[in-house]
**Student:** 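One structure, pasted below without further comment.
Reckoned from all heavy atoms, side chains included, excluding hydrogens, waters and symmetry mates. Residue numbers count from 1 along this sequence.
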Amino acid sequence: MTATFRRFGCWTICAAVMLLGGCSSFDRDWNAAAGVAPANPVDITGRWQGTWASSVGTHHGDLRCLITRTDAVTYHARYAATYGGIFHFEYEIPLVGEREGEWIHFEGDADLGALAGGVYHHEGHANSTDLFATYRSSDDNGRYTMKRPRE
């Protein structure tokens, strides 16, 4: 067996495990956060679901997010997205938020690695029921909209 064939086989097995691996920690945390209501009209912590769409191509998919507060102005967002109907990926991003009236304006950066497009910048605003945001990287840009899931 050649080294190239062994390497290909290893990558194929790793990809299959990742695609068929079952319940992720995101899914467990998502289910555990069910039923937790926002504390006030501008509380953006908790569960979100919606869709994302690229402005560059026809790429789009479903999107879920869990947001937790880490300090007075910083949030930790965990995203779980679908792509092409069959591919799933997750990533995390720190968001700095500032209250502007009845909304929290937020922004942050996440390096998703060279294969996924590098550094993505997110910017948006949310209140306790609606979240609107844009993202951009050197290769892509788009938007996502989310609402609280029905419990």
**Student:** Nearest 0.5 angstrom please: E92 CD to C65 SG, how far?
**Tutor:** 10.5 Å
**Student:** What do the steps show when you test D130 against K147 for side-chain contact (heavy atoms from CB on, under 4.5 Å), and what is the final call?
**Tutor:** CA-CA 5 Å; D130 298 289; K147 290 192 167 290; 2.2 Å; yes
**Student:** Just verifying a value: how many Å separate Q49 CD and R148 CZ, rounded to the nearest 0.5 Å?
**Tutor:** 11.0 Å
**Student:** How far does NE2 of H121 sit from CG of N141, to the nearest 0.5 angstrom?
**Tutor:** 12.0 Å
**Student:** Could you grab the distance from atom CD1 of I104 to atom CG of L95, nearest 0.5 Å is fine?
**Tutor:** 11.5 Å
**Student:** If you look at every heavy atom in E90 and S24, which pair is closest and at what distance?
**Tutor:** OE2-OG, 2.9 Å
**Student:** Once rounded to the nearest 0.5 Å, what's the spacing between atom CG of N127 and atom CZ of R99?
**Tutor:** 10.5 Å
**Student:** Just checking, any donor-acceptor pair under 3.5 angstrom between side chains of T74 and D71?
**Tutor:** yes
**Student:** Do V73 and V42 land in one hydrophobic cluster if side-chain heavy atoms of ILVMFWY residues count as linked below 4.5 Å?
**Tutor:** no
**Student:** Can you establish whether the number of heavy atoms outside H60 located under 6.0 Å from its atom NE2 is more than 12?
**Tutor:** no
**Student:** If you take all heavy atoms of A33 and L66, which pair is closest and at what distance?
**Tutor:** CB-CD2, 4.0 Å
**Student:** Check for me, please, whether W103 and Y75 land in the same ILVMFWY cluster - side-chain distances under 4.5 Å, paths through other members count.
**Tutor:** no
**Student:** Between E123 and H105, does a side-chain contact (heavy atoms from CB on, under 4.5 Å) hold up when you go through it step by step?
**Tutor:** CA-CA 8 Å; E123 187 171 343; H105 175 79; 3.4 Å; yes
**Student:** I need the minimum non-hydrogen distance between P149 and R47, along with the two atoms involved.
**Tutor:** CD-O, 3.4 Å
**Student:** Do L131 and Y79 land in one hydrophobic cluster if side-chain heavy atoms of ILVMFWY residues count as linked below 4.5 Å?
**Tutor:** yes
**Student:** Would you verify whether the NZ or CZ of R143 falls within 45 degrees of the ring axis of W52 while also being under 6.0 Å from that six-membered ring's centre?
**Tutor:** no
**Student:** What's the verdict on side-chain contact (heavy atoms from CB on, under 4.5 Å) for D62 and T51, showing C-alpha distance, side-chain angles and the deciding distance?
**Tutor:** CA-CA 4 Å; D62 293 330; T51 59; 3.9 Å; yes
**Student:** Grab the two heavy atoms, one from M146 and one from L63, that are nearest each other, plus how far apart they are.
**Tutor:** CE-O, 3.5 Å
**Student:** Between F26 and W30, how do the two ring planes meet: parallel, tilted or perpendicular, split at 30° and 60°?
**Tutor:** parallel
**Student:** Could you see if Y135 belongs to whatever hydrophobic cluster contains F132? Use Ile, Leu, Val, Met, Phe, Trp, Tyr and a side-chain cutoff under 4.5 Å.
**Tutor:** no
**Student:** For the atom pair OG1 (T45) and CZ (R69), what is the distance rounded to the nearest 0.5 Å?
**Tutor:** 7.5 Å
**Student:** What's the shortest heavy-atom distance between D140 and S54, and which atoms?
**Tutor:** OD1-OG, 2.6 Å
**Student:** Taking all atoms of both residues into account, what is the closest heavy-atom pair of S138 and G117, and its distance?
**Tutor:** OG-O, 4.1 Å
**Student:** Under a 4.5 Å side-chain heavy-atom rule over Ile, Leu, Val, Met, Phe, Trp and Tyr, are I93 and F89 clustered together?
**Tutor:** yes
